[in-house]
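Step one of this worksheet: look at the structure below.
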Amino acid sequence: MFKRTIAGLCLAALISPALAGEAKPVKNRTIMLATTTSVRDTGLLDLLIEAFREKSGYLVKAIAVGSGQAMQLGRTGEADLLWVHSPDDEKQFVADGYGKDRTTFMHNDFVVLGPASDPAGIKGEKKAAGAFAKLAASGALFISRGDRSGTHKKELKLWEAAKAKPAADKYLEAGQGMAAVVGMAGEKEAYTLADRSTYLSLEKTSSLRIVSEGDEALLNRYSLILVNAEKFPGVNTEGAKAFFDFLLSKKTKKLVENYGREKYGRQSFFYDHKAR
Amino acid sequence: MQFILEGLQKGFSLLVSGDAEVYSIVGLSLLVSVLATAVSVLIGVPLGGLIAIKKFPLKKLVISLVNTGMGLPPVVVGLLAMLLLSRNGPLGFLGWLYTPAGMILAQVIIATPVITGLSLSAMQSLDREFYRQMLTLGARQWQALWVCLKEVKLSILAAVIAGFGSVISEVGAVMMVGGNIRRQTRVLTTATVLETQMGNFDTAIALGLILLSLTFLINTALTFIQQQKAGAE
């Protein structure tokens, strides 16, 4: 009996701090944000969530998934706010009545990556469509995200613009996240399309180099969308609006613009909304 | 609630209509898991038997190592196999990274300790005298081991079922080593993860159902063999 009591007490001591941590935020103080892996992987998201928590007391729970799944979380009323980068799907999402107040507020850009030896001879090609046309013509291996993420959608648009596509055996659809695909392309000495922030975080270990960058067509625009509370009564409208306004504030603009300078020596995201 | 029902509905219709890509995913899942289980059985059953019947120093330590191996986290195995097979890794010359061969290797590492451990405990349930008698009757060591293994074949089959179950349902290692490449290394588990991430819950449910029914069918077949043998004795 005594032993059991001791064991029970030990167990309770182990569990209770974890439970207490979970129980703190009151229900309406929690905001569900559906966002993409690229925003989380760079670390910017944690920084903004922490700043917002200090200011308002709201706890933002971020579910970082592909843009496709993020949008799906909005369609089922699971999320209160979306932070995504897939413009065509976003417009459809709002048109279908699931979201409102779509605001494009920041961007970074995509870069075309390839082996340092650049067998397809793309270096120096300023136009992204031109680079993709050369890629298809050269017969070099290309690795695609293949997961209908914002990055994958952008890549498909670029093939369309280039009016070309690699042969089936030279085009692999990896169905994984950005960092995994960059790793795979490095292993296979292949080309791929990646967002600059992810590449910057992998630059030290990756054997891949940027072979084309800077084209207007490579811009990666991020938008915020409020999930329509009329469709889903359970949505935390107040909290979502508060975080929405915080993300569009001057304070966030400053945080975003400074982000990346310390870590990678250059700005990784660009704020392009007129901050309030 | 509605979307779950719709998902189930679409799942069943996908199953019936039979899509070529789905079939190739199912085929690869089966190929990789069956081959990995077969290799693990060839290594694990004799190894487990030997550890059980032989006396050697540090035997308890070896057994606890095997038992630890039964709980190897697949993602750790995946990471290890990926590092071994990467271009600059010690096994890079094989060119197995992102191929079914690499996936089989990772799964063998996962299933072998499971099968070894269960075979070992099955053999330990057998009276050691039985083995010794066989030797005194003039049997060679491997013959005696074979007869002993046949004595506990029901438990050995249970070990095979457990080993197969651990690889067919595994996702972390095949994702890392295989890379989830469409038409090359995509299996049921990794395809389910991908479809979920893309928000295609209906296809994900369909793939999940296929995986479940497949595991059910194979386990039923193995259980039938096992129970028939139990009845014959």
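Both backbone and side-chain heavy atoms feed into the values below; hydrogens, waters and symmetry mates do not. Residue numbers begin at 1 in each chain, while the letters A, B, ... track the order of the sequences.
- Taking the six-membered ring wherever Trp is involved, the centroid distance between the rings of Trp159(A) and Phe142(A) falls below 6.0 Å.
- For Arg183(B), no part lies under 4.5 angstrom from a heavy atom of chain A.
- If you measure heavy-atom distances from Gln72(A) to chain B, the contacts under 4.5 Å come from the side chain alone.
- The residue among Glu173(A), Glu189(A), Lys188(A) with the most heavy atom pairs within less than 4.5 Å of chain B is Glu173(A).
- In summary, of the residues considered (Lys100(A), Arg102(A), Lys153(A)), a salt bridge (charged side-chain N to carboxylate O under 4.0 Å, His left out) with Glu90(A) occurs for Arg102(A) alone.
- Between Val211(A) and Leu113(A) there is no side-chain heavy-atom pair separated by less than 4.5 Å.
- The CZ atom of Arg182(B) sits 11.5 Å away from the CG atom of Leu172(A) when rounded to the nearest 0.5 Å.
- Heavy atoms closer than 4.5 Å to chain A are found nowhere in Met176(B), neither backbone nor side chain.
- Contacts with chain A were tallied for Thr185(B), Asn180(B), Asn88(B), Leu97(B); Asn180(B) has the most, counting heavy-atom pairs under 4.5 Å.
- Both the backbone and the side chain of Thr196(B) come within contact range of chain A, each with at least one heavy atom under 4.5 Å from a heavy atom of that chain.
- For the pair Val26(B) and Leu214(B), the minimum side-chain heavy-atom distance is below 4.5 Å.
- In summary, Asp89(A) and Arg148(A) do not engage in a salt bridge, as defined by a charged side-chain N under 4.0 Å from a carboxylate O.
- Neither the backbone nor the side chain of Thr36(A) comes within less than 4.5 Å of any heavy atom of chain B.
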